Amino acid sequence: VTAADGEPSGARGLLRDLAREVGDEHVLAEPDLLAGYTTDWTRRYAGGALCAVRPGSAGQVAAVLRACAGYSAAVVPQGGNTGLVGGSVPPGDGSRGRGVVVLSTRRLRDLGPVDPLAAQVTAGAGVTIADLRAHAAAAGLAYGVNLASRESATVGGTIATNAGGINTIRYGATRSQLLGIEAVLADGSIVSRLSGLAADNVGYDLAQLLAGSEGTLAVITTARLRLWPAEPAAVTLLAGVDGIAAAAALHAEIRALAPGLRAAEYVEAAGVELVRELTGLPAPLSRPAPAYLLAEISGSADEAERLAALPSLARAAVAMDAAGRAALWAYRERHTEAISALGIPHKMDVAVPLARIAAFRAELDQAVRAAANGAGGAGPAPRVFVFGHIGAGNLHVNVLGPDPADGTVDEAVMRLAAVHGGTISAEHGIGRAKAGLLHLSRSPAEIAAMRAVKAALDPGDLLNPGVLLPG
Ligand code: FAD
Ligand code: 2HG
Ligand code: ZN
């Protein structure tokens, strides 16, 4: 291991100790090896690190945390590095003179046999969601979380962010799948409860405390997860609608008819056009619409036929086979990639009550324009893309144009969501991106309680300092 220049004192000693614990080949300090660990998926967040370390067991994670604590180095836990709020990479402004170590969980890939009696499985933190889903499917069961980053996002990362995704309306977010956890606390102690008992009522629920903790309380190493009966999709449909109010109403109409509704997603014409430019896909419908509702229903063929006959679905593309369904999903799932191909976006992930979603959308463009101008945005008008999980009231607002380093537009969108009774984070979490705006969605008493938990479990501020809680 070669230490880089300009590193804090003690760095060489820490690199040596880490190599002794996990093996030289799992301590990456050379800039070209380190680069993939220090910049996030969006390219908006990046920072320097002493090294990335890749422990291969909970015991090695504990040894890494003890070594880092001994040198007062900060630790940034990282799974698939698909997080969208800057929480999986080191801070851009350094860590107040502390060295930073990225702790990658990607080697923690044990995947136990599916327990068909309990419908549960035990999975290492580094297992990807795609691998977990395939493993469950091979046993005739399903994992409840599904998201476009499935090939890279990990079990540990999705627990740490309490990830949502396209099936949240049916199965809940990641915390609803979580039955037990093994994790390493900042002092190196290992807490482990992986029995998966459906009835176990003994005190504080540490697994649930870690769901959504964003790497600030512990490093998750293994999880016991709930599985669901597999429900083959009966139909996927993409319906043209006149706007967001119509999309919300159509989703409610479908839900009333089809209890197996498991995805209700929203896209707009601008985003669909962008996806088409990237992918070469044809227009989804013969007559373009200003917006679209993408719905997926599991159930019987009868149900699918009843739905297809709905007059409000006259303007819909309907697919019942896997290839046709995947083609419709591409219009929705390739938004993130298509937007990133144009530049570094400002990404907001708000939710508002469905009753307020049309009012929020109506005020959004003007709020973004005013904020961009207020920030001295003499450049081109900001481009606003809105899409998301409308069944959960969750809208992704992506803005291209304003300087990625300027948070004025981000704050304006989050304030607008708060004014409409919404939240600043529906599923991506707070990370570094929104820590300063926590007060828009949590009261001073709630923030004080969160700080007390953090101080009790991590008194030395070892784990992900600056993430989730404002510094
Ligand atoms: P990382 O990005 O590596 O880390 C995320 C956070 O978790 C960081 O704060 C990190 O410190 C912490 N962390 C990671 N592993 C651990 C661990 N083992 N122990 C403790 N802390 C840990 N998110 C959604 O919610 N819904 C979506 O539909 C969705 N779609 C996406 C689509 C695309 C194309 C992309 C790029 C991202 C999407 N995301 C979505 C965001 C992202 O995939 C999720 O936040 C995911 O949960 C991150 O998992 P990860 O393994 O990549 O974690
Ligand atoms: C999605 O639902 C993800 O596709 C990503 O949560 C959202 O790119 C985004 O802003
Ligand atoms: Zn999403």
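Everything quoted here is computed from the prediction, not taken from an experiment.
Annotation for Arg193: atom CZ does not count as buried by contact number, only 12 or fewer foreign heavy atoms lying within 6.0 Å. Other residues, nucleotides and ligands place more than 12 heavy atoms under 6.0 Å from the CG atom of Asp200.
With Gln177 contributing its side chain and Tyr171 its backbone, the two residues share a donor-acceptor pair below 3.5 Å. Of the possible polar contacts, one joining the Arg226 side chain to the Ser176 backbone as a donor-acceptor pair under 3.5 Å is found. Between the side chain of Arg54 and the main chain of Ser104, no donor-acceptor pair closer than 3.5 Å is present. Between the side chain of Ser441 and the backbone N or O of Leu438 there is no donor-acceptor pair closer than 3.5 Å. In terms of modelled atom types and a separation under 3.5 Å, the side chain of Lys347 and the main chain of Leu84 share no donor-acceptor contact. Not a single donor-acceptor pair under 3.5 Å links the side chain of Thr82 to the backbone N or O of Ser149. Asn464 contributes a side-chain N or O that, together with a main-chain N or O of Glu214, makes up a donor-acceptor pair within less than 3.5 Å. Judged by distance alone, the side chain of Gln78 and the main-chain N or O of Tyr37 form a donor-acceptor pair under 3.5 Å. Side chain of Arg262 to backbone of Asn167: no donor-acceptor contact under 3.5 angstrom is found. In this structure, Asp349 contributes its side chain and His428 its backbone to a donor-acceptor pair below 3.5 Å.
The line from CD of Glu268 to OH of Tyr266 is 3.5 Å long, rounded to the nearest 0.5 Å. Note that the NE2 atom of His346 and the CD1 atom of Ile339 stand 12.5 Å from one another [nearest 0.5 Å]. A distance of 5.0 Å separates CG of Leu178 from CD1 of Ile159, quoted to the nearest 0.5 Å. Remark: Ser192 OG to Ile181 CD1 distance equals 10.0 Å, nearest 0.5 Å. The CG atom of Asp115 lies 6.0 Å from the CD atom of Gln120; values are rounded to the nearest 0.5 Å. We find the CG-NZ distance between Leu468 and Lys434 to be 10.5 Å, quoted to the nearest 0.5 Å.
Nearest heavy atoms, Ile244 versus Ile357: CD1-CG1, 4.0 Å. The two residues Ile169 and Gly391 come nearest to each other via the heavy atoms CG2-C, 3.6 Å. Considering all non-hydrogen atoms of both residues, Ala351 and Ala426 come closest at CB-CB, 3.7 Å. In terms of heavy atoms, Ala371 sits closest to Ala412 at CB-CB, 3.6 Å. Across all non-hydrogen atoms, the minimal contact from Val100 to Pro90 is CG1-CB, 3.8 Å. Of all heavy-atom pairs between Val467 and Gly87, the closest is CG2-CA, 4.0 Å.
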(request) For Val114 and His135, run side chain to side chain contact (heavy atoms under 4.5 Å, CB included): C-alpha distance rounded to whole Å, both residues' side-chain angles, the deciding distance at 0.1 Å, then the answer. (result) CA-CA 8 Å; Val114 167; His135 188 59; 3.8 Å; yes
(message) Determine whether Tyr143 and Leu227 satisfy the following criterion, side chain to side chain contact (heavy atoms under 4.5 Å, CB included), listing intermediate values before the conclusion.
(response) CA-CA 5 Å; Tyr143 183 57; Leu227 301 175; 4.1 Å; yes
(message) Between Leu225 and Val155, does the side chain to side chain contact (heavy atoms under 4.5 Å, CB included) criterion hold? Intermediate values first, please.
(response) CA-CA 9 Å; Leu225 299 164; Val155 163; 4.1 Å; yes
(request) Please lay out, stage by stage, how Glu446 and Arg451 fare under the test salt bridge (charged side-chain N to carboxylate O under 4.0 Å, His left out). (result) CA-CA 9 Å; Glu446 286 170 314; Arg451 279 194 192 285; over 6 Å; no
(request) Start with the C-alpha gap between Val350 and Phe360, add the side-chain angles, then the distance that decides, and say whether side chain to side chain contact (heavy atoms under 4.5 Å, CB included) holds. (result) CA-CA 10 Å; Val350 300; Phe360 170 81; 3.8 Å; yes
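A heavy-atom distance below 4.5 Å is found between the side chains of Arg432 and Pro91. Counting heavy atoms from C-beta outward, Val386 and Asn398 have side chains that stay 4.5 Å or more apart. Looking only at side-chain heavy atoms (C-beta outward), Asp458 and Thr216 stay at 4.5 Å or farther from each other. The closest side-chain heavy-atom distance from Tyr45 to Thr39 is not below 4.5 Å. Counting heavy atoms from C-beta on, the side chains of Leu209 and Tyr204 never come closer than 4.5 Å. When side chains are defined from C-beta on, Leu103 counts as touching Val61, because their heavy atoms get closer than 4.5 Å. Between Leu34 and Asp32, the closest side-chain pair of non-hydrogen atoms is not below 4.5 Å. Side-chain contact between Glu337 and Leu278 is present, with at least one heavy-atom pair separated by less than 4.5 Å.
For the side-chain hydrogen bond (donor to acceptor under 3.5 Å, both in side chains) test with Glu265, the passing option among His251, Arg332, His335 is Arg332; the others fail. Checking Leu217, Val184, Leu65 one by one against Leu463, the side chain to side chain contact (heavy atoms under 4.5 Å, CB included) holds for a single residue, Leu65.
Arg98 and Ser72 share no side-chain donor-acceptor pair at under 3.5 Å. Glu333 and Tyr331 are not linked by any side-chain donor-acceptor pair at a separation below 3.5 angstrom, with hydrogens and angles left out of the test. Counted by atom type alone, His26 and Gln60 present zero donor-acceptor pairs between their side chains at under 3.5 Å. Remark: the Ser88 side chain and the Asn81 side chain contain an N/O donor-acceptor pair separated by less than 3.5 Å.
Under 4.0 Å is where a charged nitrogen must lie from a carboxylate oxygen, and between Arg150 and Asp131 no such pair does. No salt bridge links Glu21 with Arg16; every basic N to acidic carboxylate O contact stays at or beyond 4.0 Å. Comment: Arg44 engages Asp410 in a salt bridge, judged by a side-chain N to carboxylate O separation of less than 4.0 angstrom. Looking at Glu231 and Arg170, a side-chain N of the basic residue comes within less than 4.0 Å of a carboxylate O on the acidic one, giving a salt bridge. Classification of Asp187 and Arg66 as a salt-bridged pair fails, no side-chain N sitting under 4.0 Å from a carboxylate O.
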